[in-house]
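Since the model is a prediction, treat every value here as computed from it, not as a measurement.
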Amino acid sequence: LVQLRSSPLRTLLTLLGVVFGVGSVVSMVSIGEGAQRQILAGIEAMGATSLHIRSAPPKDQGLSDLVNVSVGLSRADARALSAALGGDRAVATRAIYAPKVSNLPVPATELKVIGVTAQVFDASKLQVAKGRRLSVWDEQQASAFAVLGSALAQRVFGDDAVGKWIRVDYAWFEVVGVLAPRAA
């Protein structure tokens, strides 16, 4: 205390250095923490918290026997994955199909038809703007229902897509919902 009182200017400068040093460390840690949260929120918004598993044909010619007997990934594989991950994780399956013809005023080559299970809405964080989403009941009954993307629904039906019927190849589907546009 005697030393601190004997040189008040040096004491004041030392205290200012300690205050500014601690303040700068606290602010840098806060900025880093905020930046980390913002980056993680951006990654989550892009769907990077999802794991996509897809079957692919093997590249070796020696595996032709495997290709002939394998059906690729099946719904049993999805159920096993869901059981392994636990009940709080959404596991969805999908199959992409390229239709040849359709009754929509859009060239069939521009259409992207995806057959999905009901869990895809939760797994991909899809929101329905109009109508409803596909349900587990629809899936179990193999119902001929469709949920259209917002751009296609607006282009083809305007604001009145729910309840309309569409044909994809030679199967008819009732439109029960329209997806909300994704945030850019």
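- Contact annotation: the side chain of Leu104 approaches that of Phe157 to within less than 4.5 Å [non-hydrogen atoms, C-beta and beyond].
- Between Pro105 and Val156, the shortest heavy-atom distance links the atoms CD-CG1, 3.8 Å.
- A 4.5 Å side-chain heavy-atom check between Trp172 and Asn103 finds at least one atom pair inside the cut-off.
- Enclosure of atom CD in Gln127 is not indicated, since only 12 or fewer non-hydrogen atoms of other residues, nucleotides or ligands lie within 6.0 angstrom.
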Chi angles and distances behind the side-chain contact (heavy atoms from CB on, under 4.5 Å) call for Phe173, Leu148: CA-CA 11 Å; Phe173 297 90; Leu148 299 181; over 6 Å; no
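- Grouping Ile, Leu, Val, Met, Phe, Trp and Tyr by side-chain contacts under 4.5 Å, direct or through others, puts Val147 with Ile96, Ile114, Val116, Val120, Phe121, Leu126, Val128, Leu134, Phe145, Val176, Leu179.
- One distance of note links CD of Glu110 with CG of Leu152; it measures 10.0 Å at 0.5 Å rounding.
- Atom CZ in Arg133 sits 8.5 Å away from atom CD in Gln119 (nearest 0.5 Å).
- A donor-acceptor pair under 3.5 Å is absent between the side-chain atoms of Glu139 and the main chain of Thr117, judged by distance alone.
- Taking all atoms of both residues into account, the shortest heavy-atom contact from Gly149 to Val178 is O-CG1, 4.3 Å.
- The closest donor-acceptor contact from the side chain of Arg167 to the backbone of Asp169 lies under 3.5 Å.
- In this structure, Tyr170 and Val101 have side chains that are in contact, with non-hydrogen atoms separated by less than 4.5 Å.
- By the 4.5 Å heavy-atom criterion applied to side chains, Asp159 and Gln154 are counted as neighbours.
- Of the possible donor and acceptor atoms, none in the side chain of Asp138 sits under 3.5 Å from a partner among the backbone N and O of Ser143.
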